[in-house]
Each structure stands twice: as C-alpha cells, then as structure tokens.
Enquirer: 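The structure is given below, and queries will be raised subsequently.
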Amino acid sequence: MSGHSEYGGSGSGAGGGGPRSPRGPGSSKNSGPGGPVTVLDGYVPVIDLSAAGTAIAGTPNARTATARTAVAGTDTGSDCGAGRLAVARAIGNACENSGFFTVVGHGVPQELVDDMYGKTEEFFTAPRKEKERAAGGPGTCGFRSSAGSAAKSMGVEAPADLCEIFTANVLGDHGADVRARYGDESAPWTRANVWPSQPAGFRDTWHAYMREMERLGRELMRLFALALGLDEEFFEDKVDRHVSTVVANFYYPQNRPPLPGQLRKGPHTDWGNLTILHQDDIGGLQVRYGESGWRDVPFVPGGFVINIGDMMAFWTGGRWVSTLHRVLNPERGHDRSRLSLPFFHMPNHDAVVEPLAQLGSPGADAGPVEAPGSNAGAVPATTPGQWYRDKMAATFS
Ligand SMILES: O=C(O)CCC(=O)C(=O)O
Ligand SMILES: [Fe+2]
C-alpha cells in the first residue's frame with residue numbers, strides 16, 4: 001500500500017469542511033449480482049467493474065440492450081444489466097462526491113502494465129543524453145526534463161514540479177496533414193510523437209497500452225452515460241475520434257531539499273474529460289478533501305485511479321466535481337523514484353460539449369461550471385479544441 005508514513009508535507013490528512021456530500025466508509029449500497037461492486041467505500045471508493053462486464057473481450061455493444069432496459073427501471077432478470085447499473089450508480093456517487101475512484105476488474109492485462117512500467121522506467125533511468133535523443137520541442141511530444149509547474153494552471157506561482165515527463169498522443173503517429181485536421185498547433189493532440197530507439201519495443205508497448213486505455217476510456221464513458229441517466233450510447237459519437245494523450249510522470253529521487261512550495265506535482269485539476277491513472281506503490285498522491293484538507297489516494301494492486309476533469313464537470317453542469325490533487329515529496333532520505341501513467345481522455349476535437357440540460361439543477365452548494373473565458377449570457381457550449389485554447393489563454397494571459 002502507499003507509503004503513507006513516508007510522506008510529510010503540510011496540510012496532509014483529513015480536515016477542513018468535509019466533502020460535498022460525505023459518505024461513511026464501508027457502507028456500500030451498490031450490489032451487483034455477484035456481490036458488492038463497491039469493494040471499499042470512502043472518499044475514493046474502489047469499484048469492481050467486473051459486475052458491469054467491462055473485462056469481457058469484444059465490443060460493448062452486446063451489452064447495450066440489457067443495460068438500457070436496466071436504466072429504464074424495467075430490468076429485473078438480466079445479470080449484466082443489473083450489474084452494469086449497480087456499477088454506474090457507484091461511479092455516479094463517486095463523481096458527485098470526490099470526482100475520484102479506483103477501478104479493479106477492468107480487464108487491462110497486468111502483464112501489459114508491468115511491461116509498460118519496465119520499459120518506461122528503463123527509459124527514464126538511462127543517461128540524460130540518451131533521453132535527450134527523444135526530446136520533444138514546441139510541436140512534438142516525447143521527453144521533457146520539466147513540464148513546469150502544475151499549480152501554475154491554477155494561477156498559483158510555484159517552482160517547477162520535481163518531475164520529468166514523456167508524452168505521446170493517439171494522433172501523434174499520423175502525418176502532419178492528418179494531424180492538422182484536428183486543430184491548430186495550440187491543441188496538444190496535434191503534436192507528432194517522438195519515440196526513443198531504446199529500450200527496444202518501447203513504442204510497441206506504448207501503442208498496446210494506448211489501445212487498452214482507449215477501450216477502458218470508451219467503456220467508462222458508457223458507464224458515465226448510465227450513471228447520468230442517459231442512453232448508454234449518449235457519448236459514443238462524441239468520443240469515437242477522441243484525441244487523448246498518455247503521459248509518464250517520472251518523479252526522480254530527490255537528492256537535495258525541494259525549494260519552498262516545490263512538490264513532485266503541485267495542486268491542480270485535470271483539464272479534460274476523464275483521467276485513467278496507474279500509480280505504483282510509492283505513494284504521495286492526494287486529493288483535496290473539503291476546504292483545506294487532503295486525503296491519500298492509496299495504491300490498490302491492479303487498480304487504476306479514475307478522476308474526472310474540468311470538462312466533464314462543465315458537461316454535467318457542475319453535478320460532478322473535478323477535484324484538486326497533488327503529489328507530495330518523499331521524506332528526506334527516501335531515495336526511490338515514483339512513476340505514474342495518466343491517460344488523459346479527451347473527446348473528439350470538434351464534439352459539441354455543453355452542460356447537459358436533462359440532468360436537472362446541480363446540488364445546492366454547487367454552481368454551474370463556467371467555461372474558461374466565457375462571457376455572462378453567452379451560450380455555454382464549447383468543443384475540446386476551443387476549451388483548450390480558452391484554458392491556455394486564461395492560464396497564461
Ligand atoms: O502522479 C500522480 O499520481 C498524479 C499525476 C497527475 O495528477 C497528472 O499528471 O495530472
Ligand atoms: Fe492530474
């Protein structure tokens with residue numbers, strides 16, 4: 001489990017005003033046919049997707065009919081429909097509460113995750129000049145020795161995060177002409193991928209991992225639709241040409257004390273739709289709890305941490321929350337690196353994203369989420385391309 005005791009840092013631990021709608025631990029009400037789908041309840045619940053049939057090979061379409069009747073409240077006999085609905089409900093509760101949950105039973109092969117970790121760690125621990133061979137520039141992905149400060153995206157001045165990154169996106173291996181169809185250079189997903197030649201097989205492993213993340217991302221969007229009381233296919237035509245990105249965050253050992261305010265990753269929210277994150281057992285990831293507290297997001301063997309980003313919060317009219325998170329520094333003397341792999345799922349670059357009217361009004365203490373740079377009275381609709389441009393302008397202007 002996460003090395004909780006290895007982590008210091010001010011403000012850690014529960015405190016503050018509490019989450020928007022607190023739920024006590026261990027009180028799962030969501031049961032699928034094979035048992036509870038909420039394996040561990042709490043602020044970041046662990047949800048077992050196997051009751052939803054997520055791990056079943058093949059397309060999710062086969063499950064659609066049963067799930068749809070389940071949502072309409074008429075399904076009493078279908079295991080798959082009832083299980084899917086239970087999973088969707090658990091997801092919906094988590095997205096309203098913390099915006100974070102961990103999934104198991106997702107069907108992503110552990111050998112692939114292990115291979116991804118092995119190759120990616122080998123890349124980051126190679127000599128600097130090797131890594132620089134796969135260095136990214138303004139229009140390319142690849143290696144960056146620093147991604148700057150995540151807190152800066154929240155308007156907070158802080159020293160650069162203690163983290164190197166490697167990035168690749170799902171469009172990045174297409175030619176420039178194809179990539180240009182997905183927006184201008186302000187959209188990070190139009191950047192070309194840059195692959196290292198060492199370790200051998202790096203690119204193939206990353207591609208295989210991307211395919212699995214695509215499958216899981218699509219499945220989560222289907223479950224999100226069910227959780228929101230929509231047709232399971234509601235998001236399909238908005239994410240079928242998604243422009244997602246995989247990032248490896250390499251938090252190197254800290255040989256000298258961090259600067260004041262410097263973290264492995266400063267407090268930030270994710271900008272996009274949803275994030276599928278794999279973390280290792282080193283620990284340090286925390287999610288905001290209440291006004292000023294933080295909760296650890298523990299390592300769950302075989303699990304992926306899912307969180308929704310600002311765009312999904314906007315899409316749900318503020319009903320679901322995109323919550324601040326950060327990665328603490330290790331205590332002095334702890335000399336291990338940490339590796340995390342977020343998959344930032346972004347819908348089609350031109351999908352129309354507007355607050356879903358049919359969801360009703362948000363909770364009493366939540367307001368609608370404004371699009372960045374929106375004018376009062378303007379029609380609150382955007383696209384991922386526009387969203388990103390506005391976010392960048394709001395952050396760096
Ligand atoms: O490393 C982690 O656990 C979290 C990383 C993160 O929040 C991000 O890359 O946006
Ligand atoms: Fe993040």
Side-chain angles (χ1 to χ4, degrees), residues 1-4 6-7 9 12 43-44 95 98-103 113 116-117 120-121 124 136 141 143-154 156 158 160-169 188-189 209 213 217 244-254 258 262-289 294-301 303-313 320-330 334 336-346 388 391-392 395:
M1 297 297 286
S2 76
H4 186 114
E6 288 171 354
Y7 288 85
S12 73
Y43 193 50
V44 183
C95 289
S98 65
F100 271 73
F101 55 100
T102 294
V103 294
V113 175
M116 186 73 179
Y117 264 81
T120 305
E121 193 146 326
F124 279 114
C141 295
F143 171 71
R144 281 174 167 74
S145 59
S146 169
S149 151
K152 191 153 188 216
S153 68
M154 309 301 299
V156 175
D161 296 333
L162 293 161
C163 177
E164 296 179 349
I165 64 166
F166 185 91
T167 307
N169 67 56
W189 51 82
Y209 190 78
M213 292 299 102
S244 310
T245 302
V246 184
V247 175
N249 291 307
F250 181 68
Y251 304 98
Y252 38 78
Q254 294 179 5
Q262 193 173 34
L263 290 177
R264 278 192 152 167
K265 184 89 67 188
H268 67 281
T269 56
D270 293 346
W271 286 8
N273 203 31
L274 76 103
T275 304
I276 306 175
L277 176 105
H278 201 286
Q279 61 169 337
D280 59 23
D281 62 355
I282 296 293
L285 175 60
Q286 292 192 321
V287 58
R288 180 70 129 203
Y289 180 82
W294 295 91
R295 285 276 170 98
D296 289 334
V297 181
F299 165 70
V300 173
F304 286 93
V305 178
I306 313 295
N307 67 280
I308 65 154
D310 299 344
M311 177 179 283
M312 196 68 207
W320 287 5
V321 290
S322 170
T323 306
L324 273 179
H325 50 285
R326 65 181 185 182
V327 181
L328 293 182
N329 297 321
H334 176 85
R336 285 181 63 193
S337 59
R338 176 175 188 273
L339 182 62
S340 74
L341 301 170
F343 175 77
F344 296 108
H345 187 269
M346 252 329 215
Y388 208 90
K391 281 279 196 187
M392 293 294 282
T395 303

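In each ligand, atom 1 is the first atom listed, and ligand 1 is the first ligand listed.
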Enquirer: Please examine the side chains of Val297 and Gln279, heavy atoms only from C-beta on, and report whether any two atoms are closer than 4.5 Å.
Expert: yes
Enquirer: Rounded to the nearest 0.5 Å, how far apart are CG of Asn307 and CE of Met312?
Expert: 12.5 Å
Enquirer: Using a 4.5 Å cut-off on heavy atoms from C-beta on, say whether the side chain of Phe250 contacts that of Thr120.
Expert: no
Enquirer: Would you mind reporting whether Arg295 and Phe100 have side-chain heavy atoms less than 4.5 Å apart?
Expert: no
Enquirer: Can you name the nearest heavy-atom pair linking Ala150 to Ser153, along with the distance?
Expert: O-OG, 2.6 Å
Enquirer: Hey, are the side chains of Met154 and Leu324 touching, using non-hydrogen atoms and a 4.5 Å cut-off?
Expert: yes
Enquirer: Are any side-chain N or O atoms of Arg264 and backbone N or O atoms of Tyr251, one a donor and one an acceptor, separated by less than 3.5 Å?
Expert: yes
Enquirer: Which atom pairs, nitrogen or oxygen on both sides, join ligand 1 and the protein at under 3.5 angstrom?
Expert:
residue	atom	partner	partner atom	Å
ligand 1	1 (O)	Tyr251	OH	2.6
ligand 1	1 (O)	Arg338	NH1	2.9
ligand 1	1 (O)	Ser340	OG	2.6
ligand 1	3 (O)	Arg338	NH1	3.1
ligand 1	3 (O)	Arg338	NH2	2.9
ligand 1	7 (O)	His268	NE2	3.1
ligand 1	7 (O)	His325	NE2	3.1
ligand 1	9 (O)	Asn249	ND2	3.0
ligand 1	10 (O)	His268	NE2	3.0
ligand 1	10 (O)	Asp270	OD1	3.3

Enquirer: Report the protein N/O/S neighbours of the Fe ion (ligand 2) that fall below 2.8 Å; do not count waters.
Expert: His268 NE2, Asp270 OD1, His325 NE2
Enquirer: Less than 4.5 Å apart, side chain to side chain, heavy atoms only: is that true for Pro330 and Gln254?
Expert: yes
Enquirer: If we only count heavy atoms from C-beta on, is the Leu274 to Ile306 side-chain gap below 4.5 Å?
Expert: yes
